[in-house]
Amino acid sequence: MEPVMTLQSLLPIAPEILLSVGAMAALMLGVFRSDGGVALCSGLSVALLVAATLLIWLLPGGTYLLFGDSFILDPFARLMKSLVAIGSLVSILLSIDYMRSGRMTRFEYPVLIVLSTTGMFVMVSANDLVTLYLGLELQSLAAYVLASIQRDSARATEAGLKYFVLGSLASGMLLYGASLIYGFTGTVNFHRIAEITAAGDPPLGLVFGLVFLLAGLAFKISAVPFHMWTPDVYEGAPTPVTAFFSAAPKVAAVALLVRVVMTGFPSIVLEWQQIIVFVSLASMILGAFAAIGQRNIKRLMAYSSIANVGYALVGLAAGTEAGVRGVIIYMAIYLVMTLGTFAFILSMRRGDTMVESIEDLSGLWKNNGLAAFILTVLFFSLAGIPPLAGFFAKFYVFLAAIEAGLYPLAVIGVLSSVVAAFYYLRIVKIMVFDEAGAPFEPMGGELRAVLGVSGFLMIFFVVFPAPLIAIAQRAALSLF
């Protein structure tokens, strides 16, 4: 007999319910408001994300399983959902000045972010292949619309179309892999799949299914060789949307990938480790070299995100608790670095025109010394220069790889970091030593706050690293 579902038993999924109902309410408010309701919908969306984050942590500690063990809430899910919510919340804040200037006055924008966040929450808590796909598609469908939300922009329309077509292809690959896994195990639940694969040598069909499943997930994190959509979508989409894409969805997709391999296939590490190692190497190398020739800062950030995903996967390739801890630390620090950088990119405005060329940063040090200093800190952190937070992010994933005996992977990761440092340092050289151009318009309060907080955290992480390390340790242990 099935257990009776009560309101109390639904508490672990309360954040998802709140976001779903709240998004529908915000959508109706926007439709029926005569002024478009942009400010109201943005404020309500921020409130929903704050409330959902609080709900995640108000529930007593432990692990909760719902709906026939298809949905799980454990310390790993709590932490990654919190990072996703922070990324989404800050993305909405970053867009306020952009929308205020009249470039994107659409109330649907914050509502779509909330709906996408709901899908990301489901992704992070997915404990079977069906829930995984439902969460992934809810997140993706909202993202496709966000990419092309500026309907009068040919670039945005092209970005949305490319993202949709290639995303549909990736979803098909993922579904094909899931069907093979189900066919050879007779279950979609990760824990049952783990039990079956541990009972004997995995059949070749199961390994093929895992390859297709990982290929679909690699697209979602824009890892090589499924990265081809990233530079065009990052450049073509409105800049606030690009900031969102580079933050929250990336964290959720990496969290989903970690849960799939560590929960569903812990006994066949050698099979999936080879795939992760290849994807990690390819992403680090391509991200480092392809960014060198970029002149558009949004395209450069696209290749930077590809490389950063490669670094995060170094920790996952280790297949150990220390490796998962390294991935969590890396994604938390990456989230802050990326949001801070995009806070400045959104302030690159002269008159009513947004500028995106790296050369437009010429002489920034002379025009706005404080912003140039914080941006330099963020770029140095992205390059992994000590004692900034980005150095420790790479230190923990490389250390896990070395402890697991993956010496070539760690060495190539360090070398690609050196190559990547070149294009970050080139931007710093342009800001500090080149002739100053016309100054940018004054930054909005929200942009200043995000830029300042991110710079502060990058500099002073070395002083108080213990809280993040401790919570990442607890989250990683919950998967073992």
Review point. Taking atom types as modelled and ignoring hydrogens, do the side chains of T230 and Y303 form a donor-acceptor contact shorter than 3.5 angstrom?
Key: no
Point to revise | Distance (rounded to the nearest 0.5 Å) between L115 CG and L146 CG | key: 9.5 Å
Exercise for review: Take R192 and D69 through the test salt bridge (charged side-chain N to carboxylate O under 4.0 Å, His left out) and record every step on the way to the result.
Suggested key: CA-CA 10 Å; R192 288 287 302 130; D69 295 352; over 6 Å; no
Exercise for review: Check whether more than 12 heavy atoms from other residues, nucleotides or ligands sit under 6.0 Å from atom OH of Y64, and answer yes or no.
Suggested key: yes
Exercise for review: State yes or no: are the ring centers of F219 and F226 separated by less than 6.0 Å?
Suggested key: no
Practice item. Indicate whether any N or O donor in one side chain lies under 3.5 Å from an N or O acceptor in the other, for S267 and T197. Key: yes
Revision key, fill the gap. On a heavy-atom basis, the closest approach of V111 and A23 is CG1-O, 3.5 Å
Review point. Would R299 and E235 pass as an ion pair if we require N to O under 4.0 Å?
Key: yes
Check your understanding: Do you know which of Y144, Y163, Y234 makes ring-ring contact (aromatic ring centres under 6.0 Å, His included) with F245?
Key -> Y163
Point to revise | Whether over 12 other heavy atoms sit under 6.0 Å from F480 CZ | key: yes
Exercise for review: Calculate, to the nearest 0.5 Å, the distance between atoms OG and CE belonging to S280 and M284 respectively.
Suggested key: 3.5 Å
Check your understanding: Taking NZ, NE, NH1 and NH2 as the nitrogens, is one of them in R325 or E321 under 4.0 Å from a carboxylate oxygen of the other?
Key -> no
Review point. Looking just at side-chain N and O atoms, do S304 and N308 make a donor-acceptor pair shorter than 3.5 Å?
Key: yes
Review point. With a 3.5 Å cut-off and no angle check, do the side chains of T338 and K250 form a donor-acceptor pair?
Key: no
Practice item. Provide the closest heavy-atom pair for G340 versus S454 in the form atom of the first, atom of the second, distance. Key: CA-OG, 3.2 Å
**Study point:** Atom pair OG1 (T63) and CZ (R78), whose distance is rounded to the nearest 0.5 Å
**Key:** 8.0 Å
Exercise for review: Measure centre to centre between the rings of F265 and W272, then say whether the value is under 6.0 Å.
Suggested key: no
Check your understanding: Taking all atoms of both residues into account, what is the closest heavy-atom pair of K394 and L382, and its distance?
Key -> NZ-O, 3.2 Å
Practice item. Taking only Lys NZ, Arg NE, NH1 and NH2, and the carboxylate oxygens of Asp or Glu, determine whether D74 and R259 approach each other closer than 4.0 Å. Key: yes
**Study point:** Spacing of E16 atom CD and L55 atom CG [to the nearest 0.5 Å]
**Key:** 9.5 Å
Practice item. Take S82 and W57 through the test side chain to side chain donor-acceptor pair (under 3.5 Å) and record every step on the way to the result. Key: CA-CA 9 Å; S82 300; W57 293 100; 2.6 Å; yes
Check your understanding: Under 3.5 Å, side chain of K298 to main-chain N/O of V233, donor-acceptor pair present?
Key -> no
Point to revise | Distance in Å, L479 CG paired with T263 OG1, rounded so as to fall on 0.5 Å steps | key: 5.0 Å
Revision key, fill the gap. In terms of heavy-atom contacts, M228 and D232 come closest through O-OD2, 4.4 Å
Check your understanding: What heavy-atom pair brings V224 and A282 nearest, and what distance separates the two atoms?
Key -> CG1-CB, 3.5 Å
Review point. Mind checking whether F398 and Y311 have parallel, tilted or perpendicular rings, split at 30° and 60°?
Key: perpendicular
Exercise for review: On the 0 to 90° scale, with breaks at 30° and 60°, tag the F67-F71 ring pair as parallel, tilted or perpendicular.
Suggested key: perpendicular
Check your understanding: Is it the case that T53 and K81 place a side-chain donor and acceptor less than 3.5 Å from each other?
Key -> no
Practice item. Mind running side-chain contact (heavy atoms from CB on, under 4.5 Å) on V21 and M24 for me, showing each step along the way? Key: CA-CA 5 Å; V21 175; M24 295 299 104; 5.8 Å; no
Check your understanding: Cut-off 3.5 Å, side chains only: do E137 and S171 have a donor facing an acceptor?
Key -> yes
Exercise for review: Hey, could you give me the CG/CG distance between L335 and L457, rounded to the nearest 0.5 Å?
Suggested key: 10.5 Å
